[in-house]
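Quick note: numbers below take in every heavy atom, side chains included, and nothing from hydrogens, waters or symmetry partners.
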Amino acid sequence: MKMKWLNSTLTSTLGALVLLPVVATAADSNVPATKFDLSQWKLTLPMDANSDGKVDEIDVKQIKKYSHNDFFYLNEKGHMVFVAPNVATTTSGSTNTRSELRQMLRGTKTKIGTHDPRNNFAIKTHPLSRKFAMVGGKLEATLYVDHVATRAKYGNKPPAYSVVVGQIHADKGSDELKKKTGFGWGNEPIKIYYKKWPNHAKGSVFWNYERNLAKDNPNRIDIAYPIWGNTWENPEDPGNKGVALGEEFSYVINVHEDIMYLTFSSPNHETVKYEINLANNVDAYGKVDPKDHPYGYLGDAMYFKAGAYNQCSSADQAGSWYAACPGTGDWEKDKAAGDYTSVTFTRLTVGKSVKP
């Protein structure tokens with residue numbers, strides 16, 4: 001495989017993200033950064049407090065003193081809470097709300113652009129891996145899901161009643177980069193889901209791998225892998241194999257060299273492990289997936305995300321992603337109706353990868 005394209009094209013795609021400040025006054029006892037190391041994270045909120053028509057973002061410097069009483073705060077136990085209503089402001093091109101952290105390896109060095117390799121990580125085989133902030137990385141979290149949306153017009157669509165609590169996101173590149181390389185589509189090699197059907201006592205935890213293909217490619221779908229309970233398309237009651245609301249579990253995403261090592265643990269369940277090479281199209285079961293990109297995520301810049309990414313889209317349209325989950329946009333009304341998701345973290349750390 002010839003990789004010379006990266007030397008001339010990657011540096012031309014670097015850009016800076018300008019964040020408009022969103023200021024909130026909060027007592028220190030309510031500020032997550034007083035209990036969690038958020039020195040390499042920015043926050044996306046499901047709101048537009050400054051009325052600029054865009055989702056609000058809190059940068060690395062601001063987050064040190066920031067909380068929001070409804071969507072991002074410490075609870076009475078000192079745990080970090082993320083809340084996202086079904087109907088609220090979303091990021092550009094998305095119909096899903098989120099209260100979610102995005103890894104910013106640059107920290108407060110804002111002269112480094114958001115899409116600069118020095119603000120992201122890559123796998124070892126990436127031909128320009130030395131230009132990135134890190135090769136690989138490790139995200140560890142312990143959490144419990146408080147609530148998922150309980151209503152959906154199309155409850156049979158896989159994302160209904162679910163939330164993503166952690167992920168790796170690939171960085172979108174320029175159109176030129178995509179055309180020349182097949183990389184930079186902004187896909188996700190992992191999304192960790194919790195889903196609970198309204199009539200079930202317990203929910204399921206699973207993870208999805210997205211084939212690294214262009215958005216209009218019909219083969220660009222999520223491949224679901226079970227952890228505890230079922231995967232997202234299965235309406236069967238998981239019973240005791242599932243995870244209840246408020247039940248704590250942990251995940252570790254350890255991308256070391258080219259391999260993504262995954263460990264899922266819970267006091268009430270057996271530990272589950274997976275590993276997948278992100279530089280080829282061999283799936284997590286060791287089988288070649290001929291429909292995936294032959295080089296996986298080899299040429300992508302990547303970053304971690306964690307929080308509550310509400311999968312119950314309010315959009316009523318064709319496509320498996322749109323469950324038409326109800327909501328008014330009035331938080332108090334939507335909270336009372338159960339049209340939201342809430343996730344609480346008791347531990348969240350990010351750092352260098354570790355050899356298994």
Worksheet entry | Side-chain heavy-atom pair Asn96, Arg98 within 4.5 angstrom cut-off | no
Discussion item. Looking only at side-chain N and O atoms, does Asn268 offer a donor or acceptor that is under 3.5 Å from a partner on Ser266?
Written reply: no
Discussion item. Ignoring hydrogens, what is the shortest heavy-atom contact between Tyr297 and Glu210? Give both atom names and the distance.
Written reply: OH-O, 2.6 Å
Discussion item. I want to check something: taking the side chain as every heavy atom from C-beta on, are Lys305 and Glu188 in contact at a cut-off of under 4.5 Å?
Written reply: no
Worksheet entry | Sidechain-backbone polar pair: Asp171 side chain, Met302 backbone, donor-acceptor under 3.5 Å | no
Worksheet item: Asn212 and Tyr295: side-chain donor and acceptor closer than 3.5 Å?
Response: no
Discussion item. Considering only residues two or more places apart or on different chains, which pairs with a residue in residues 36-63 satisfy ring pair (Phe, Tyr, Trp, His ring centres under 6.0 Å)?
Written reply: none
Worksheet entry | Gap separating the CG atom of Asn86 from the OG atom of Ser313, nearest 0.5 angstrom | 9.0 Å
Item to complete: Say whether, by atom type as modelled, one donor and one acceptor occur between the side chain of Asn119 and the main chain of Leu105 under 3.5 angstrom.
Response: yes
Practice prompt. Evaluate whether atom CG of Asn217 has more than 12 neighbouring non-hydrogen atoms of other residues, nucleotides or ligands under 6.0 angstrom away.
Written response: yes
Worksheet item: Which pair of heavy atoms, one from Ser342 and one from Val81, lies closest together, and at what distance?
Response: OG-CG1, 3.8 Å
Worksheet entry | Chi angles and distances behind the side chain to side chain contact (heavy atoms under 4.5 Å, CB included) call for Asn187, Arg211 | CA-CA 8 Å; Asn187 297 324; Arg211 288 177 179 149; over 6 Å; no
Worksheet item: Just by distance, with hydrogens left out, do Asn310 and Thr341 show a side-chain donor and acceptor under 3.5 Å apart?
Response: no
Fill in: Audit row: Asn50, Asp56, side chain to side chain contact (heavy atoms under 4.5 Å, CB included) steps and yes/no
CA-CA 8 Å; Asn50 56 8; Asp56 290 338; 3.2 Å; yes
Worksheet item: Are any of the side-chain heavy atoms of Glu247 and Tyr144 separated by less than 4.5 Å?
Response: no
Practice prompt. With Lys195 as the cation and Tyr193 as the aromatic partner, state whether NZ or CZ is under 6.0 Å from the six-membered ring centre and within 45° of the axis.
Written response: no
Worksheet item: Does the side chain of Ile190 reach to within under 4.5 Å of the side chain of Ile276, using non-hydrogen atoms?
Response: no
Worksheet item: Got a second to check how far Asn156's CG is from Ser320's OG, nearest 0.5 Å?
Response: 10.5 Å
Practice prompt. Measure across Val87 and Ser314 and return the closest heavy-atom pair with its distance rounded to 0.1 Å.
Written response: CG2-CB, 3.8 Å
Worksheet, complete the sentence: In this structure, CG of Asn120 is separated from CZ of Arg106 (nearest 0.5 Å) by 9.5 Å
Practice prompt. Evaluate the ring planes of Phe71 and His68, with Trp represented by its six-membered ring, and classify them as parallel (under 30°), tilted (30 to 60°) or perpendicular (over 60°).
Written response: parallel
Practice prompt. Return yes when atom NZ of Lys138 has more than 12 non-hydrogen atoms of other residues, nucleotides or ligands closer than 6.0 Å, and no otherwise.
Written response: yes
Worksheet item: Closest heavy-atom contact between Ala279 and Ile123?
Response: CB-CD1, 3.8 Å
Worksheet item: Are Ile168 and Met134 connected in a single hydrophobic cluster, I mean Ile/Leu/Val/Met/Phe/Trp/Tyr linked by side-chain heavy atoms less than 4.5 Å apart?
Response: yes
Practice prompt. State, with a plain yes or no, whether a side-chain heavy atom of Pro117 is found less than 4.5 Å away from one of Leu128.
Written response: no
Discussion item. How long is the straight-line distance from CD1 of Ile253 back to CG of Leu139, given to the nearest 0.5 Å?
Written reply: 5.0 Å
Fill in: SB check Lys273 Glu275 (cutoff 4.0 Å)
no
Worksheet item: Would Thr328 and Asp334 count as having a side-chain donor-acceptor pair, cut-off 3.5 Å?
Response: yes
Discussion item. Looking at Asp289, is its backbone amide N or carbonyl O close enough to the side chain of Asp283 to form a donor-acceptor pair, meaning the two atoms are under 3.5 Å apart?
Written reply: no
Worksheet entry | Nearest non-hydrogen partners of Leu213 and His293, listed with the distance | CD2-N, 3.7 Å
Discussion item. Counting the benzene-type ring for Trp, do Tyr340 and His147 have ring centres under 6.0 Å apart?
Written reply: yes
Worksheet, complete the sentence: So NZ of Lys42 and CE of Met104: to nearest 0.5 Å the spacing works out to 5.5 Å
Discussion item. According to a hydrophobic-cluster definition based on side-chain heavy atoms being under 4.5 Å apart (Ile, Leu, Val, Met, Phe, Trp, Tyr only), do Trp228 and Trp197 belong together?
Written reply: no
Fill in: Steps toward side chain to side chain contact (heavy atoms under 4.5 Å, CB included) verdict (Val31, Tyr66)
CA-CA 6 Å; Val31 175; Tyr66 184 85; 5.7 Å; no
Discussion item. Quick one, Leu245 and Tyr194 - any side-chain contact, counting heavy atoms below 4.5 Å?
Written reply: yes
Item to complete: Give a yes or no on this: more than 12 heavy atoms of other residues, nucleotides or ligands lie within 6.0 Å of atom CD of Glu270.
Response: no
Worksheet item: Of Asp48, Thr97, Thr89, which is the lone residue that meets side chain to side chain contact (heavy atoms under 4.5 Å, CB included) with Val55?
Response: Thr89
Discussion item. Using the rule given for side chain to side chain contact (heavy atoms under 4.5 Å, CB included), can you reason through Arg102 versus Thr114, listing the C-alpha separation, both sets of side-chain angles and the distance that settles it, and then say yes or no?
Written reply: CA-CA 10 Å; Arg102 193 268 201 210; Thr114 301; 3.7 Å; yes
Discussion item. Quick one, Val163 and Val343 - any side-chain contact, counting heavy atoms below 4.5 Å?
Written reply: yes
Practice prompt. Assess the pair Phe345 and Phe82: is the distance between their ring centroids shorter than 6.0 Å?
Written response: yes
Worksheet item: Distance-only, no hydrogens or angles: does the Glu332 side chain make a donor-acceptor pair with backbone N or O of Asp330 under 3.5 Å?
Response: no
Discussion item. Less than 6.0 angstrom separating the ring centers of His269 and Phe264, yes or no?
Written reply: no
Worksheet entry | Step-by-step side chain to side chain donor-acceptor pair (under 3.5 Å) determination, Thr231 to Glu233 | CA-CA 6 Å; Thr231 48; Glu233 81 293 344; 2.9 Å; yes
Worksheet entry | Atom pair CG (Leu348) and NE2 (His79), whose distance is rounded to the nearest 0.5 Å | 13.0 Å
Worksheet item: Where do His200 and Lys196 come nearest, in terms of heavy atoms and distance?
Response: O-NZ, 2.8 Å
Pairs of donor and acceptor atoms involving the side chains of residues 201-208, under 3.5 Å and at least two apart or interchain, shall be tabulated with distances.
residue	atom	partner	partner atom	Å
Ser204	OG	Asn230	N	2.8
Asn208	ND2	Asp222	OD2	3.3

Discussion item. Quick test of your reading of the model: are Asp116 and Arg118 salt-bridged, counting only N-O distances below 4.0 Å?
Written reply: yes
Discussion item. Tell me whether Phe121 shares a hydrophobic cluster with Val135, the cluster being built from Ile, Leu, Val, Met, Phe, Trp, Tyr side chains joined at under 4.5 Å.
Written reply: no
Worksheet item: If only atom types and distance count, is the side chain of Ser94 paired as donor or acceptor with the main-chain N or O of Thr91 below 3.5 Å?
Response: no
Worksheet item: Is there side-chain contact between Thr271 and Ser265, with at least one heavy-atom pair below 4.5 Å?
Response: yes
Worksheet item: Linking I/L/V/M/F/W/Y whenever any side-chain heavy atoms sit under 4.5 Å apart, do Val272 and Trp232 land together?
Response: no
Fill in: Sole candidate of Gln40, Gln167, Gln103 that passes side chain to side chain contact (heavy atoms under 4.5 Å, CB included) when paired with Tyr303
Gln103
Discussion item. Is there a path of hydrophobic side-chain contacts, each under 4.5 Å between heavy atoms, that joins Tyr261 and Tyr285?
Written reply: no
Fill in: Asn254 side chain vs Val354 backbone, donor-acceptor pair below 3.5 Å
yes
